[in-house]
Enquirer: 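Quick one: this structure, given as structure tokens, is what I'll be asking you about.
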Amino acid sequence: MHTTSRLFVSSLALCAAMPAEAEMAFNRIATFATPRNMAAGEDTSRASSAEIITATEDGMTLLYTDSPLGVVGAVDITDPQAPRPLGNIAMGGEPTTAVVIGARAFAAVNTSASYAEPSGKLVTIDIAAQTVLSECDLGGQPDSVARAKDGSFLAIAIENERDEDLNDGQIPQMPAGFVVKLPVKDGMADCAAMQRIEMTGLAAIAPEDPEPEFVDINDAGEIVVTLQENNHIVIIGADGTVTGHFSAGAVTLEGIDLTDERGAIRFSETQADRKREPDGIKWLGTDRLVTANEGDYEGGSRGWTIFKRDGSVVYESGADFEHAVAQIGHYPDRRSDAKGIEPESIEVATFGDRPMVFVAAERASVVGVYDVTDPSAPVLTQILPSGVSPEGMVAIPARNLLASANEVDLVEDGGVRAHVMVYELQDAPAAYPMITSQGADELIGWGALSGLVADADRPGLLYAVNDSFFGYQPTIFTIDATQKPARIVAALPVTRGGMPAQKLDMEGITLDGKGGFWVASEGRSDQLVPHALYSVNARGEVRKEIALPAALAASEIRFGFEGITRVGDMLWMAVQREWKDDVAGEVKLIAYNTAEDAWTAVRYPLDAKGEGWIGLSEITAHGDWFYIVERDNQIGGTAKVKRLYRVPAAQMIGAPVGGDLPLVQKELVRDLLPDLAALNGYAAEKIEGLAIDAAGEGWVVTDNDGVDDSSGETLFWSIGKLAE
């Protein structure tokens, strides 16, 4: 099927599913940061992680592996809306996976001295006592662990992973990997009865060096294992012998974005014969298999596949999942030339009478939810926001719950911590996405929304710009906020001389009163991006550039204009942070008179600083007031200042720049931190856009940083009528 037709069919399927799903949808109900499991007195600034996650059989406790700390973390979800830390259990190595049988957890632990000398162990844990009961030497470096449905045995993938810095990461790199089958008796692993199952000689790619990645076990006791680097799948019978195997094959992908350095999303390229190289795998019943095709050094087909056990393909997502992810603003452009959204793991579960597949996209930080009642035609019903880089998932159908483990911890960069997130299947509409381009006449990938302005006449019609993250694709987006979720219905390229306008950092947009726009560019002199104003006509063409006067340019720093608004001939811009000539704790609101070519300014008092810095993100004139967004640069639990203030228009009478400037007084309108908690995630850093529409309703949007070291979530919401 042609890409455009396939996209159209996929969009129709999602649209058709939404009314039926509106009454039952998964919504995030809680977020748990991994540092909460550290004991009193421990250094919480250390990196931690949540990688592979499982649950106790009663569904009341989550267990996740934390490789950086060398522990298994435990979380009490008796009340799933209020997870409680149960602490960490030291593993004496690097845990890779854990599963639960009865009162015991079984964790695979990597203890390798080097890639050439791999080693590992299987640790049996008393969950209630949080003590290690026994250990089995596995004879190699373990990756994934699965349990038989009846709890009688475990299967362990011994990967003996390659060194990615050796020979460009290509295999073979000995020693070879294998699979272990380990009986469980009386709640303990029976180390003496361990069975080693060889995988050599099966794959066409490096048959002498199989690298098992992920295992799963069906109701019949059959084991399936992915050999990711070998692009191969193996089925092992209940007696421990190989009963079948096949190549995972390749996919020709159409309509994908393959260039990551241009700062533009353009789904116009083709990649022929891309190896699937699956990572996660699950049985779907006893006759079908589901894979997440993450890829490794030669592959990654950006989607997921359902196979029959003989290797024939039942369903292939191709680029459809990636396109759907792009429509909600989660496409990771800087990973375009690698593996795109990078599907990592798969979960299969039945909720009520609906068989479902959950696909975690590591680089897009989302989980796709599919109804697979008809395995040959899965229906994408939702895309859930996750933390940064979901690595593992566990479904708990008996409690209508799903949990994700999100491995990336950005503590060293002052960013968000690793998280476990909990979702509930509710009798309620989906809360996310809050804004999407689904249903537009063309496929619109978007992200990094910044400035926002409302149409002068039509309530709920807004315009937004993206910032310099998409430096080769500056765009003005048209948003219909009367729909829920809000819809991006059009994307207007900003051009100069018929080409995408370069050296722009669009952080503010306002109407020019003539059918076009004024755009404020924040600027960054060290990268030759000027602080400037741009007149853009209705066709997106840059018609005029207004540079800063010398009196302003002499004291500018990197953090420039963040927002622009127009009152008659006056354009007002908010400067994000103090410039060189500002008093600490004060920033400028700068005005440019378009009729007189004159610059004036006032001073604005910032809130007191806590952690990080305080600055401005937006300015919007409405009636007798100027509304201003003020925020700190903190995220998650350290975020304190995300506020909307207003200043009387009567005070916005500027003095010539370079001299003494009047100080305006501000009044708090709304604390926006509670709004950021509406999705039960962590507080976003960047509230970037505010628009007040023709009916006086205020709309706010956050910047998702182009999904770069970010969860990719964009929050878009109404704050109701604002006073004129």
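Please read all numbers here as calculations on a predicted model, not as lab measurements. As a basis for the values below, the full set of heavy atoms in this structure was taken, side chains included, without hydrogen atoms, waters or symmetry mates.
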Enquirer: Side chains of D581 and S555: is there a donor and an acceptor less than 3.5 Å apart?
Expert: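 D581 vs S555: donor-acceptor pair found between side chains.
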Enquirer: For V602 and Y604, run side-chain contact (heavy atoms from CB on, under 4.5 Å): C-alpha distance rounded to whole Å, both residues' side-chain angles, the deciding distance at 0.1 Å, then the answer.
Expert: CA-CA 7 Å; V602 298; Y604 176 94; 5.9 Å; no
Enquirer: Count the heavy atoms belonging to other residues, nucleotides or ligands that lie under 6.0 Å from CD of E667, then report whether that count exceeds 12.
Expert: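 Buried by this count: over 12 neighbours within 6.0 Å.
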Enquirer: If you apply the rule ring-ring contact (aromatic ring centres under 6.0 Å, His included), what do you find for Y534 with W518, and how did you get there?
Expert: CA-CA 6 Å; Y534 294 89; W518 282 99; 9.1 Å; no
Enquirer: Ignoring hydrogens and geometry beyond distance, is a side-chain donor-acceptor pair present between T436 and Q327 at under 3.5 Å?
Expert: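 No, no side-chain donor-acceptor contact under 3.5 Å.
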Enquirer: I'd like to know if R643 pairs up with D607 as an ion pair, taking the criterion as any Lys NZ or Arg NE/NH1/NH2 lying under 4.0 Å from an Asp or Glu carboxylate oxygen.
Expert: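 D607 and R643: salt-bridged.
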Enquirer: For the residue pair P605 and K666, what are the closest heavy atoms and their distance?
Expert: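 The pair with the smallest heavy-atom distance is O-NZ, 2.8 Å.
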Enquirer: Please check if the side chain of T702 supplies one atom and the backbone of T714 the other of a donor-acceptor pair under 3.5 Å.
Expert: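 Not at all, since once roles are kept as given, no pair shorter than 3.5 Å links the two residues.
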Enquirer: Please round to the nearest 0.5 Å and tell me the distance separating atom CG of N406 and atom OG of S386.
Expert: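 N406 CG to S386 OG: 3.5 Å, rounded to 0.5 Å.
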Enquirer: According to the interplanar angle, ranging from 0 to 90°, do the rings of H330 and Y432 count as parallel (below 30°), tilted (30 to 60°) or perpendicular (above 60°)?
Expert: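 Correct class here is perpendicular.
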Enquirer: Before accepting this row, confirm whether a basic side-chain N of the pair E541/R496 lies closer than 4.0 Å to the acidic partner's carboxylate O.
Expert: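 So E541 does not pair with R496 through a salt bridge.
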Enquirer: Evaluate D512 against R566 for salt bridge (Lys or Arg N to Asp or Glu O under 4.0 Å), listing each step before the verdict.
Expert: CA-CA 7 Å; D512 68 0; R566 183 181 65 88; over 6 Å; no
Enquirer: Taking all non-hydrogen atoms of both residues into account, name the closest pair between G340 and P332 and its distance.
Expert: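 Looking at all heavy atoms of both residues, the closest pair is O-CG, 3.5 Å.
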Enquirer: With E586, which residues qualify under side-chain contact (heavy atoms from CB on, under 4.5 Å), at least two apart?
Expert: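 With sequence neighbours excluded, E586 shows a side-chain contact (heavy atoms from CB on, under 4.5 Å) to V583, R603, L663, given in chain and number order.
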Enquirer: Considering only NZ, NE, NH1 and NH2 on the basic side and carboxylate oxygens on the acidic side, decide whether R84 and D79 come within less than 4.0 Å.
Expert: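 Looking at R84 and D79, the cut-off is not met.
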Enquirer: Would you say L679 and E713 make side-chain contact, with heavy atoms under 4.5 Å?
Expert: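 L679 vs E713: side chains touch.
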Enquirer: Measuring only between side-chain heavy atoms, which start at C-beta, is L504 closer than 4.5 Å to F470?
Expert: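 Result no, sub-4.5 Å side-chain heavy-atom pair not found.
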Enquirer: Which value, rounded to the nearest 0.5 Å, describes the distance between D257 atom CG and I265 atom CD1?
Expert: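 D257 atom CG to I265 atom CD1 measures 7.0 Å (nearest 0.5 Å).
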Enquirer: Looking at I628, is its backbone amide N or carbonyl O close enough to the side chain of E630 to form a donor-acceptor pair, meaning the two atoms are under 3.5 Å apart?
Expert: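 No, E630 side chain to I628 backbone: no donor-acceptor pair under 3.5 Å.
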Enquirer: Are the side chains of R363 and I341 in contact, using a 4.5 Å heavy-atom criterion?
Expert: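 SC-SC contact between I341 and R363 ruled out.
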Enquirer: When you measure from the side chain of S365 to the backbone N and O of S389, does any donor-acceptor pair fall under 3.5 Å?
Expert: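 Between the backbone of S389 and the side chain of S365 there is a qualifying donor-acceptor contact (under 3.5 Å).
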Enquirer: So that I can tick it off, tell me whether D632 and K642 are bridged by a salt bridge, with the cut-off set at under 4.0 angstrom between side-chain N and carboxylate O.
Expert: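 D632 and K642: salt-bridged.
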Enquirer: Between S49 and E407, is there a donor-acceptor pair closer than 3.5 Å when you use the side chain of the first and the backbone of the second?
Expert: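 Here the side-chain-to-backbone pair exists.
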Enquirer: Kindly indicate, with the supporting measurements, whether the criterion side-chain contact (heavy atoms from CB on, under 4.5 Å) is fulfilled by E724 and D624.
Expert: CA-CA 6 Å; E724 295 187 30; D624 294 332; over 6 Å; no
Enquirer: To the nearest 0.5 angstrom, please state how far the CD atom of Q576 sits from the CG atom of L606.
Expert: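 Here the interatomic distance stands at 10.0 Å.
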Enquirer: Find the distance between CD (Q426) and CZ (F26) and round it off to the nearest 0.5 Å.
Expert: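 Between Q426 CD and F26 CZ, I get 10.0 Å after rounding to 0.5 Å.
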Enquirer: Output yes when a side-chain donor or acceptor of K514 lies under 3.5 Å from a complementary backbone atom of L511, and no otherwise.
Expert: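 No; zero donor-acceptor contacts below 3.5 Å.
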Enquirer: Considering only NZ, NE, NH1 and NH2 on the basic side and carboxylate oxygens on the acidic side, decide whether R28 and E424 come within less than 4.0 Å.
Expert: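 No, no charged N to carboxylate O under 4.0 Å.
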Enquirer: What pair of heavy atoms forms the shortest contact from D467 to S450, and how long is it?
Expert: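 So the two residues come closest at CB-CB, 4.2 Å.
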Enquirer: Check the angle between the aromatic planes of F561 and W599 and answer parallel, tilted or perpendicular using the 30° and 60° thresholds.
Expert: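 Aromatic pair F561/W599 classed parallel.
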Enquirer: Side chains of N27 and Y423 only: does a donor on one sit below 3.5 Å from an acceptor on the other?
Expert: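 Side chains of N27 and Y423: no pair found under 3.5 Å.
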Enquirer: With side chains defined as the heavy atoms from C-beta onward, is the minimum distance between Y627 and L644 less than 4.5 Å?
Expert: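 Side chain of Y627 against side chain of L644, heavy atoms only: contact under 4.5 Å found.
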Enquirer: Might you point out which heavy atoms bring A532 and A547 nearest each other, and give the distance in Å?
Expert: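 Looking at all heavy atoms of both residues, the shortest contact is CB-CA, 4.5 Å.
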Enquirer: List the atom of E522, the atom of F559, and the distance in Å for their closest heavy-atom pair.
Expert: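 For E522 and F559, the tightest heavy-atom pair comes out as OE2-CA, 3.3 Å.
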Enquirer: Is D526 atom CG crowded by more than 12 heavy atoms from other residues, nucleotides or ligands, each under 6.0 Å away?
Expert: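 Count over threshold, so yes.
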Enquirer: Going by an N to O cut-off under 4.0 Å, is there a salt bridge joining R417 and D409?
Expert: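 A salt bridge links R417 with D409.
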Enquirer: Quick one: does any side-chain atom of E618 pair with a main-chain N or O of L452 as donor and acceptor, under 3.5 Å?
Expert: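 Yes; judged by distance alone, with no hydrogens or angles, the pair exists.
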Enquirer: Could you state the interatomic distance from CD1 (I590) to CH2 (W579), rounded to the nearest 0.5 Å?
Expert: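 Nearest 0.5 Å value for the CD1-CH2 distance: 4.5 Å.
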Enquirer: Can you tell me if Q438 uses its side chain to pair, donor with acceptor, with the backbone of A324 under 3.5 Å?
Expert: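 Side chain of Q438 to backbone of A324, a donor-acceptor pair under 3.5 Å: no, none is there.
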Enquirer: Drop me the distance from I328's CD1 to I383's CD1, to the nearest 0.5 angstrom.
Expert: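 Between I328 CD1 and I383 CD1, I get 4.0 Å after rounding to 0.5 Å.
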Enquirer: Given R334 and D708, is the salt bridge (Lys or Arg N to Asp or Glu O under 4.0 Å) satisfied, shown in steps?
Expert: CA-CA 7 Å; R334 288 186 179 167; D708 189 37; 2.8 Å; yes
Enquirer: Checking the side chain of H419 only, and the main-chain atoms of A50 only, is there a donor and an acceptor separated by less than 3.5 Å?
Expert: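 Flag not set: sc H419 to bb A50 has no pair under 3.5 Å.
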Enquirer: Compare all side-chain heavy atoms of V536 with those of I476 and state whether any distance is below 4.5 angstrom.
Expert: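 Sidechains of I476 and V536: in contact.
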Enquirer: Run the side-chain contact (heavy atoms from CB on, under 4.5 Å) test on W446 and F477 for me, step by step, so that the C-alpha distance in whole Å, both residues' side-chain angles and the decisive distance to 0.1 Å come before the verdict.
Expert: CA-CA 9 Å; W446 58 274; F477 298 98; 3.8 Å; yes
Enquirer: Applying salt bridge (Lys or Arg N to Asp or Glu O under 4.0 Å), which residue pairs with at least one partner in residues 672-693 are found, sequence neighbours left out?
Expert: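 Residue pairs passing salt bridge (Lys or Arg N to Asp or Glu O under 4.0 Å), neighbours aside: R631-E685, R631-E688, R670-D675, K686-D705.
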Enquirer: Can you check whether E578 reaches W613 side chain to side chain, under 4.5 Å on heavy atoms?
Expert: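 SC-SC contact between E578 and W613 ruled out.
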Enquirer: Just so I know, are the side chains of L676 and Y682 near enough to count as touching, which here means a heavy-atom distance under 4.5 Å?
Expert: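 Answer no - side chains too far apart.
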Enquirer: Does a side-chain heavy-atom distance below 4.5 Å link F626 with T620?
Expert: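 F626 does not reach T620 side chain to side chain.
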Enquirer: Apply side-chain contact (heavy atoms from CB on, under 4.5 Å) to V657 and L552, showing your working.
Expert: CA-CA 7 Å; V657 296; L552 284 172; 3.9 Å; yes
Enquirer: Say whether, by atom type as modelled, one donor and one acceptor occur between the side chain of N466 and the main chain of T475 under 3.5 angstrom.
Expert: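 Answer holds: yes.
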Enquirer: What closest approach, in Å, do A655 and D660 show between heavy atoms, and which atom pair accounts for it?
Expert: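 Result for this residue pair: CB-O, 3.4 Å.
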Enquirer: Within the side chain of S617, is there an N or O that forms a donor-acceptor pair under 3.5 Å with the backbone of V629?
Expert: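 Pair absent, no side-chain N/O of S617 close to backbone of V629.
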